[in-house]
Every structure is written in C-alpha cells, then in structure tokens.
> 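Starting off with a structure, shown below.
When reading the values below, keep in mind they use all heavy atoms of this one structure, side chains included, and skip hydrogens, waters and symmetry mates. Whatever order the structure lists them in is the order used to number ligands and atoms, beginning at 1.
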Amino acid sequence: MNAPLVVVMGVSGSGKSTTGVLIADRLGVPFVDADALHPLENVRKMAAGTPLEDPDRWPWLALVGKALADASDTGLVMACSALRRAYREAILAEAPGVRFVLLHGSREVLGRRMEGRSGHFMPPSLLDSQFALLEDLDADEPGFVVDVDATVDEIVDEAVAGLSAVR
Ligand SMILES: Nc1ncnc2c1ncn2[C@@H]1O[C@H](COP(=O)(O)OP(=O)(O)O)[C@@H](O)[C@H]1O
Ligand SMILES: O=C(O)[C@H](O)[C@@H](O)[C@H](O)[C@H](O)COP(=O)(O)O
C-alpha cells in the first residue's frame, strides 16, 4: 500500500489545522500546516486584511506540492486551503498521489469559529473572499467532502474512513 498523501483543504476557519494534525496521527504520518510555508510577505498581506492574489499563491503552492512529493515514501498530511481547482492541480502536478479532504461548513458556523480563534494572522474579515474563491471538488478530482458542523472527533473519524475507502 502506498503511503498516504493527504491535503485537508477548505476556507479559513474550516478546521484544517485542528483536524489535520489528528488525521495525521491516526494515519501514523507527519503533519505540516501550509500556513508555515507562506513567504512572510503573504502573511503580512493577509494579516493586513488584503486577500492574496494568484501570483502570491503559485510559489507557495509549489512549496506545498514539493513537501508532499518529498514525503511520498513516508506519507504526509498537509493542511492547505487549496481553494480553486487550479491550485489543486498545481499540487497534483508535483505530487500525483494526493487525496483531498474538503472541509465544508457554512459562512455562519465558520465565521463564529474564526471570531473565537486567537493568535492567528488571518482576520475573520477575509472569510468572504475565501468563500468567493472556493471551488468545490469536481467528481473527477481525487477526494471527498466532510461536513464540519460536527465534533472534531466525528470529522476525524469520517475523514479517516473516507481515506481508507479511496486508498
Ligand atoms: N469541529 C469543530 N467544532 C468546534 N470548533 C472547531 C471545530 N474545528 C475547529 N474548531 C475551531 O475553529 C477555529 C478554526 O479552526 P482551525 O483549525 O484553525 O481552521 P483552519 O486551519 O481551517 O483555518 C479554531 O479556533 C478551532 O479550535
Ligand atoms: O490561498 C489563500 O488565500 C491563502 O492561502 C489563505 O487561504 C491562507 O493560507 C489561509 O487559508 C489562512 O490560514 P487559515 O486557513 O489557517 O485560516
């Protein structure tokens, strides 16, 4: 069996970091948060309330894809927004075995969760731009959706079960 390469994706506040590290633990593989791979200018831009543009994203997505490709022997779970299909394709171009777990939640639920989160560079005011950019997984993309209006344990269970089914 190939080592699992997983991108836990979705808009800001959807729970990628919270669930991603637990999914990695259950799969017995390392976890990386793509937030840590952003160049400082990207973090500064978002922290100032300005959404990224695609030229800001491509070099970052290349780093995300490379980290996954470098982990093809050991496996890896990466938390990464991967909002548009083109971004997911950029990741897959580097690491073809990746499976995507799209964390889906309503604007209301995620807005509340972001308001309750502290110590993060991403302001809740950017949530609308994240939803505007999000393209749902198409049927021919490798992955599946998990609803996040649930407990963290339920979300992790569903993600791990889905990943065992597609592997
Ligand atoms: N299933 C959940 N139920 C309640 N709160 C959650 C859940 N998942 C995440 N949170 C909280 O929502 C906030 C956003 O989660 P986080 O993992 O930081 O999202 P992301 O990494 O996608 O931006 C955090 O404060 C986190 O503790
Ligand atoms: O493509 C983007 O617009 C950015 O990557 C953006 O999505 C950001 O990286 C995170 O989503 C913010 O961090 P959290 O998702 O952890 O809030």
> Measure across Ser12 and Met122 and return the closest heavy-atom pair with its distance rounded to 0.1 Å.
OG-CG, 3.2 Å
> Do Ile23 and Arg26 pass the side chain to side chain contact (heavy atoms under 4.5 Å, CB included) test, and can you show the C-alpha distance, the side-chain angles, and the key distance before you say yes or no?
CA-CA 5 Å; Ile23 293 167; Arg26 288 272 295 273; 5.7 Å; no
> Considering heavy atoms of the protein only, find what lies nearest to atom 10 (C) of ligand 2 and give residue, atom and distance to 0.1 Å.
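Its nearest protein heavy-atom neighbour is Asp35 OD1, 3.7 Å.
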> Starting from atom 6 (C) of ligand 2, locate the nearest protein heavy atom and write down its residue, its atom name and how far away it is, to 0.1 Å.
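Closest protein heavy atom to atom 6 (C) of ligand 2: Gln130 NE2, 3.3 Å.
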> At under 4.0 Å between heavy atoms, is it the side chain or the backbone of Met114 that contacts ligand 2, or both, or neither?
neither
> Extract all N/O-N/O pairs under 3.5 Å that connect ligand 1 to the protein, and present each with both atom names and the distance rounded to 0.1 Å.
{"from": "ligand 1", "atom 1": "1 (N)", "to": "Ala150", "atom 2": "O", "distance (Å)": "2.9"}
{"from": "ligand 1", "atom 1": "3 (N)", "to": "Arg113", "atom 2": "NH2", "distance (Å)": "3.3"}
{"from": "ligand 1", "atom 1": "17 (O)", "to": "Ser17", "atom 2": "N", "distance (Å)": "3.4"}
{"from": "ligand 1", "atom 1": "17 (O)", "to": "Thr18", "atom 2": "N", "distance (Å)": "2.9"}
{"from": "ligand 1", "atom 1": "17 (O)", "to": "Thr18", "atom 2": "OG1", "distance (Å)": "2.6"}
{"from": "ligand 1", "atom 1": "18 (O)", "to": "Arg117", "atom 2": "NH1", "distance (Å)": "2.8"}
{"from": "ligand 1", "atom 1": "19 (O)", "to": "Gly15", "atom 2": "N", "distance (Å)": "3.0"}
{"from": "ligand 1", "atom 1": "21 (O)", "to": "Ser17", "atom 2": "N", "distance (Å)": "3.0"}
{"from": "ligand 1", "atom 1": "21 (O)", "to": "Ser17", "atom 2": "OG", "distance (Å)": "2.7"}
{"from": "ligand 1", "atom 1": "22 (O)", "to": "Ser14", "atom 2": "N", "distance (Å)": "3.2"}
{"from": "ligand 1", "atom 1": "22 (O)", "to": "Gly15", "atom 2": "N", "distance (Å)": "3.0"}
{"from": "ligand 1", "atom 1": "22 (O)", "to": "Lys16", "atom 2": "N", "distance (Å)": "2.9"}
{"from": "ligand 1", "atom 1": "22 (O)", "to": "Lys16", "atom 2": "NZ", "distance (Å)": "2.8"}
{"from": "ligand 1", "atom 1": "23 (O)", "to": "Gly13", "atom 2": "N", "distance (Å)": "2.8"}
{"from": "ligand 1", "atom 1": "23 (O)", "to": "Arg117", "atom 2": "NH1", "distance (Å)": "2.7"}

> Do Asp136 and His104 pair up side chain to side chain, a donor and an acceptor below 3.5 Å, judged on atom types alone?
no
> Would Ser17 count as a polar contact of ligand 2, with the cut-off being nitrogen or oxygen pairs under 3.5 Å?
no
> If only atom types and distance count, is the side chain of Ser129 paired as donor or acceptor with the main-chain N or O of Leu126 below 3.5 Å?
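Yes, Ser129 side chain to Leu126 backbone: donor-acceptor pair under 3.5 Å.
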> Please work out whether the ring planes of Phe121 and His38 are parallel, tilted or perpendicular, with thresholds of 30° and 60°.
perpendicular
> Look only at the side chain of Lys16 and the backbone of Leu103, and say whether a donor-acceptor pair between them is shorter than 3.5 Å.
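It does not hold such a pair.
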> Under a 4.0 Å N-O cut-off, is there an ion pair linking Arg84 with Asp54?
yes
> Hey, are Asp128 and Arg107 close enough for a salt bridge, meaning a charged N less than 4.0 Å from a carboxylate O?
yes
> Among all protein heavy atoms in this structure, tell me which lies nearest to atom 15 (O) of ligand 2, with the distance rounded to 0.1 Å.
Lys16 NZ, 2.7 Å
> Donor-acceptor pair, distance only, cut-off 3.5 Å: does the side chain of Glu154 make one with the backbone of Thr151?
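Yes, Glu154 side chain to Thr151 backbone: donor-acceptor pair under 3.5 Å.
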> If you compare all heavy atoms of Ala82 against all heavy atoms of Val7, which two are closest, and at what distance to 0.1 Å?
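Here Ala82 and Val7 meet closest at CB-CG1, 4.5 Å.
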> Is Arg117 touching ligand 2 with its side chain, its backbone, both, or neither, if touching means heavy atoms under 4.0 Å apart?
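The side chain, only.
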> Can you tell which of Arg57, Met9, His38 gets a heavy atom nearest to atom 9 (O) of ligand 2?
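Minimum heavy-atom distance to atom 9 (O) of ligand 2 goes to His38.
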> Can you pull out the closest protein heavy atom to atom 8 (C) of ligand 2? Residue, atom name and distance to 0.1 Å, please.
Met46 SD, 3.5 Å
> Please state which part of Trp60 comes within less than 4.0 Å of ligand 2, counting heavy atoms only: side chain, backbone, both or neither.
side chain
> What protein heavy atom lies closest to atom 12 (C) of ligand 2? Include the residue and the distance to one decimal.
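Going by distance alone, atom 12 (C) of ligand 2 is nearest to Met122 SD, 3.5 Å.
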> Would you find a donor on one side and an acceptor on the other, under 3.5 Å apart, between the side chain of Ser164 and the backbone of Val160?
yes
> For atom 4 (C) of ligand 2, find the nearest protein heavy atom and state the residue, atom name and distance (0.1 Å precision).
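Scanning the protein heavy atoms, the shortest distance from atom 4 (C) of ligand 2 goes to Leu52 CD1, 3.6 Å.
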> One residue to check: Ser12. Relative to ligand 2, which of side chain, backbone, both or neither has a non-hydrogen atom less than 4.0 Å away?
both
> Would you mind running through ligand 2 and noting each atom that sits below 4.0 Å from a heavy atom of His120?
13 (O), 14 (P), 16 (O), 17 (O)
> Using a strict threshold of under 4.0 Å (side-chain N to carboxylate O), is an ion pair present between Arg85 and Asp140?
yes
